[in-house]
Protein chains: 2
Amino acid sequence: MTDSSDKKYPVPTIRRLPSYLRVIKALDFEGREFVSATDIANELGIDSIKVRKDLAYTEATGKPRVGYRITELMHGIRSIIGWDRNSEAILVGAGCLGSALLGFPGFSKRGLNFVAAFDADREKYGTYVHECEIKPIEELEKFITERLIEIAVLTVPSFAAQQVTDRLVNAGIKGIWNFSPVRLKVPPSVVVQSENLMSGLAVFMVRMARGAE
Amino acid sequence: MTDSSDKKYPVPTIRRLPSYLRVIKALDFEGREFVSATDIANELGIDSIKVRKDLAYTEATGKPRVGYRITELMHGIRSIIGWDRNSEAILVGAGCLGSALLGFPGFSKRGLNFVAAFDADREKYGTYVHECEIKPIEELEKFITERLIEIAVLTVPSFAAQQVTDRLVNAGIKGIWNFSPVRLKVPPSVVVQSENLMSGLAVFMVRMARGAE
DNA sequence: CTGTAATCGATATATTTTTATCGATATAAA
DNA sequence: TTTATATCGATAAAAATATATCGATTACAG
Ligand SMILES: NC(=O)c1ccc[n+]([C@@H]2O[C@H](COP(=O)([O-])OP(=O)(O)OC[C@H]3O[C@@H](n4cnc5c(N)ncnc54)[C@H](O)[C@@H]3O)[C@@H](O)[C@H]2O)c1
Ligand SMILES: NC(=O)c1ccc[n+]([C@@H]2O[C@H](COP(=O)([O-])OP(=O)(O)OC[C@H]3O[C@@H](n4cnc5c(N)ncnc54)[C@H](O)[C@@H]3O)[C@@H](O)[C@H]2O)c1
């Protein structure tokens, strides 16, 4: 129902927007008022035409010879990637990786706020990881339904991933950010975004092998 | 000088290979001897033609109606992405994320072995994170040159990333797996592979906004 | 005031990646 | 043995993405 919810943004563009935002935020901090696509491209080592095309998806409009007004551009980018809104999220699996994510301030800065974490390990119940309480997994459904949580971050071991997912979906979760290397089966209405670190490692190793010959 | 080092693999293909490997490893464990591109595609929910094209980059060759011999395919994939060889690596910045990576057994299983970690925090010197000793950052260069380390994983705060990178490059590091949201400046001979979690978050939020309208 | 250069925005081209088509082949059933 | 079918491997088409071109516009220098 909002102005821009039916637009379709290319995934590669979406993936680049956060780095543009980082660059122009730094310039804003320095007191700069305008930024050109060339400026951003140079800073990131990519093509300026690509940047300009990406920025065309925002509401921001640039002036020749000057560039885009930074405040306008920041707003435009944040609006597309949803970083101007706040969401409550829970994390399931407060182990090594889960704890790292809980402690990362970058998420709440971008509107993703962890309001609770859940784990199957009794010894963690009631403890806090970076100001987020670890609750028993038994309380998962109750918490989600009572607080109307829509987003879950999943950092449980692979063997537990699908089982936890089923419970999340059943309780009404609408989106799962999945860090386990498992293809989760969910109904079509539920969004699953999977991060697979091993893809990155694979690309890294191939590039190393090429570069080192 | 080896057989396959001058071949060029598409990055999207490389990124998919680890998930193929995971699927066929599971089948191998179940005692299966052959696997078809269709099997893998169904398991991952992607197109079988894409899988077959990807697999064509491996040395493995399939038989109509039967598929590929799993042992052959595993070897072929591992060979491309370098998971049949062992490398020693160091990690710099043993904080939240760094500690999670140090404790993740998936890396050594794929041939990436952390032999030491370095940090600027005195209190961590001499402690161990998952059997990996945290050493003073002052010893960085000495360790790299003496042990001929070529790979570094970078998990320091953003403000320290470039400075640490310069030291790594100076000491002879050939590849940096970078988890900080910073574009690292390195000589052309050094490979930098950057993981930007925020890209994933952005895509996730956009998809949520689309799906939830 | 005029010319120059940077940059936008739109359009066009090139490249990469995905998806489709099709003949060949191996297996299993008839 | 013959026939039906799943699958491979190669080639072709389509879609997505990246890069190039170009006129219009604006700031700035002369
Ligand atoms: N650690 C890393 O660097 C890393 C990197 C990439 C991917 N991953 C993936 O992230 C996931 C977690 O990795 P980790 O290293 O944090 O593992 P971990 O064992 O440290 O943490 C898993 C946590 O989940 C909890 N848990 C187990 N079963 C549960 C259940 N049914 N319900 C709720 N909680 C449960 C455990 O008690 C534990 O605290 C794994 O799937 C792993 O493959 C981890
Ligand atoms: N924690 C996450 O979930 C997460 C997610 C995405 C990206 N990142 C990025 O990963 C990096 C690390 O994040 P973190 O959460 O682990 O931070 P952290 O503060 O927990 O860890 C950073 C570590 O680096 C050490 N350090 C600082 N300066 C150093 C130097 N000059 N030399 C050596 N060591 C130094 C610190 O002592 C600390 O132990 C950051 O760039 C962050 O943006 C983290």
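Order of the sequence lines sets the chain letters (A, B, ...), proteins ahead of strands, with each chain counted from 1. Keep in mind that this is a model prediction, so the values were computed, not measured.
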| task | Determine: side-chain N/O of B:Y68 to OP1/OP2 of D:dG9, distance under 4.0 Å, yes or no. | result | yes
| request: Take the protein atom CG of A:L73 and the nucleotide atom P of C:dC8, then report the distance between them rounded to whole Å. | output: 10 Å
| query | Which part of the nucleic acid, if any, lies within contact of A:A37, taking any heavy atom under 4.0 Å across all strands shown: a base, the sugar-phosphate backbone alone, or nothing? | reply | sugar-phosphate
| task | Answer with base, sugar-phosphate or nothing: what part of the nucleic acid does A:S48 contact at a heavy-atom distance below 4.0 Å? | result | nothing
| message | Between P on D:dT7 and CZ on B:F34, what's the gap in Å once rounded to a whole number? | response | 14 Å
| task | Round to the nearest Å and state the distance from B:D54 atom CG to D:dC8 atom C1'. | result | 15 Å
| Spacing of A:D47 atom CG relative to C:dA14 atom C1', expressed in whole Å | 13 Å
| request: Please tell me which of the listed nucleotides, C:dG9, C:dT25, D:dG9, lies nearest to the side chain of B:P64? | output: C:dT25
| field | Centroid-centroid distance, A:W83 to A:F107, less than 6.0 Å | value | no
| In terms of side-chain geometry, is the basic nitrogen of B:R32 or B:D39 positioned less than 4.0 Å from the acidic oxygen of its partner? | yes
| message | By the 4.0 Å heavy-atom rule, please label B:T61 as base, sugar-phosphate, or nothing. | response | sugar-phosphate
| query | Hey, are the side chains of B:V115 and B:F143 touching, using non-hydrogen atoms and a 4.5 Å cut-off? | reply | yes
| Side chains of A:E43 and A:V23: closer than 4.5 Å at any heavy-atom pair? | yes
| field | Spacing between A:I14 atom CD1 and D:dA18 atom P, to the nearest angstrom | value | 12 Å
| Residue mapping more 5' on DNA chain D - nearest nucleotide basis, A:K63 or A:R16 | A:R16
| message | Are A:V153 and A:I90 packed together at the side-chain level, in the sense that at least one heavy-atom pair is separated by less than 4.5 angstrom? | response | no
| field | Distance, rounded to the nearest Å, where B:I40 contributes CD1 and D:dT7 contributes P | value | 12 Å
| message | It should be established whether A:R52 places a side-chain nitrogen or oxygen under 4.0 Å from OP1 or OP2 of nucleotide C:dG9. | response | no
| request: Send over the distance from B:K50 NZ to D:dA14 P, rounded to a whole Å. | output: 19 Å
| Want to settle it: does A:R65 or A:K53 sit nearer the 5' end of DNA chain C, counting the closest nucleotide to each? | A:R65
| task | For A:I49 and C:dG9, give me the distance from atom CD1 to atom C1', rounded to whole Å. | result | 12 Å
